[in-house]
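The block underneath contains the structure these notes are about, expressed in structure tokens.
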There are 2 protein chains.
Amino acid sequence: MLNHTNNNPAAIREILGRYVINPTHQRCEIARVMLSKPQHLSAEQVLSLVNANSPHVSKATVYNTLNLFVEKGLIRQVIVDPTKIFYDSNTSSHYHFYNEDTGELSDFKLNDINLTPFPTLPENTVQSGVDVIVRVKNSG
Amino acid sequence: MLNHTNNNPAAIREILGRYVINPTHQRCEIARVMLSKPQHLSAEQVLSLVNANSPHVSKATVYNTLNLFVEKGLIRQVIVDPTKIFYDSNTSSHYHFYNEDTGELSDFKLNDINLTPFPTLPENTVQSGVDVIVRVKNSG
DNA sequence: CTGCTTGCAAAGGCTTTGCAGAACA
DNA sequence: TGTTCTGCAAAGCCTTTGCAAGCAG
């Protein structure tokens, strides 16, 4: 699902409402940053983008809000680096390149990727997601 | 590559030698634990397994040694959980199930998985690895 | 009023690092 | 004797949490 918006306050509130998220001031600010385009941001990056003009959102709130957004399905975590979590505003099915030299994360889609028929899942489990990460390094 | 051995000291030293790793006492102990079978262990687990009988390897050495083994290609990191790193003694091509409820990691192989032809890599990069993680939850 | 939200600071958990002593060739 | 390795303790980083103050309905 793509939930991007051009910083339109009403549109942001509408999206939050759709995900049953109480649209407080701070949450709208964080949503504005996250949803401005498809992107991958760390909590630290969200914090500084949100507070770029005037600082008014605390670090704790950024962390708590990002977790709330993940829980509600508005954004996704991407776990590729042991030192930090990335948050992805694009929740539709896609995969990632991760540049281990630069820490850059980028998307790809494959029409011909075919992970089905899946291997048999472990007993008494249901699938909750599939991550495909192609790790790359600078060739230079 | 599978580098497993039945706790045979000479075999362990031979494997370490093959990866150009100076076979100190501590490193042999850690290798013995890691290479006893294909498995996924956290640093904490390695620490307690190594020191199960008599404590003689420090936490710092476990961390440093696991990193050394990764660097030399003897084992692999598996990054699926933001709170800890798993180390995998099986470096041959395979993929992972991760149970988000229990933290259990298990392997699967797919004959019919076909990630080629790959998407075009980002500019000036070379591929260094492909991770496929199927996240599951308990169905009960 | 009453419950939800925020922010600060402190705590937590995993991992790395500095440095002195130990081991080994 | 010189290099490499180990271990302790401290530091570092990212993230979470406790709790009091703030805000909204």
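Because only heavy atoms are used, hydrogens play no part in the values below, and waters and symmetry mates are left out as well, while side chains stay in. Just so it is clear: chains get the letters A, B, ... in the order the sequence lines come, proteins before strands, and each one is counted from 1. As the structure is a computational prediction, the values presented were derived from the model and not from experiment.
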Quiz item: Looking only at side chains, do B/His96 and B/Asp88 share a donor and an acceptor under 3.5 Å apart?
Solution: yes
- Query: Would you say the side chains of A/Arg18 and A/Asn3 form a donor-acceptor pair under 3.5 Å?
  - Reply: yes
With the side chain defined as heavy atoms from C-beta on, A/Thr61 is closest, among C/dG7, D/dT15, D/dT6, to C/dG7
B/Ile21 CD1 to D/dT6 P, in whole Å, measures 12 Å
- Distance test, side-chain N/O of B/Gln26 to OP1/OP2 of D/dG7, below 4.0 Å: yes
**Prompt:** Counting only side-chain N and O atoms of B/Tyr63, is one of them less than 4.0 Å from OP1 or OP2 of C/dT15?
**Reply:** yes
In whole angstroms, the gap separating P of D/dG22 from NE2 of A/His25 amounts to 17 Å
Would you say C/dT16 has OP1 or OP2 under 4.0 Å from some side-chain N or O of B/Asn67? yes
From CD1 of A/Ile30 across to C1' of C/dT5 the rounded distance in Å is 12 Å
Rounded to whole Å, the CG-C1' distance (A/Leu68 to C/dC4) equals 12 Å
For A/Leu35 and A/Ser89 the tightest heavy-atom approach is CD2-CB, 4.3 Å
Testing D/dT15, C/dT5, C/dT15 for proximity to the side chain of A/Arg27, the answer is C/dT5
Closest to the side chain of B/Ser58, out of C/dT5, D/dT15, D/dG7, is D/dG7
Does B/Asn124 use its side chain to pair, donor to acceptor, with the backbone of A/Asn138 at less than 3.5 Å?
-> no
note: B/Asn64, atom CG; C/dG18, atom P; distance rounded to Å ~ 11 Å
From CD of A/Gln77 across to P of D/dT16 the rounded distance in Å is 8 Å
Exercise. Can you tell me if A/Thr102 and A/Glu104 form a side-chain donor-acceptor pair at under 3.5 Å?
Worked result: yes
Separation of C/dC14 atom P from B/Ile85 atom CD1, nearest Å, is 11 Å
**Report entry** Sugar-phosphate, base or nothing in reach of B/Asn22, heavy atoms under 4.0 Å
**Finding:** sugar-phosphate
Between B/Val62 and B/Pro82, the residue closer to the 5' end of DNA chain D by nearest nucleotide is B/Val62
By nearest-heavy-atom nucleotide on DNA chain D, the more 5' of B/Ala60 and A/Glu44 is B/Ala60
Exercise. Between B/Thr24 and D/dT6, is there a side-chain N or O to OP1/OP2 distance below 4.0 Å?
Worked result: yes
Per atom distances to the B/Lys84 side chain, the nearest of C/dT15, D/dC14, C/dT6 is C/dT15
Rounded to whole Å, the CD-C1' distance (B/Glu71 to C/dT15) equals 15 Å
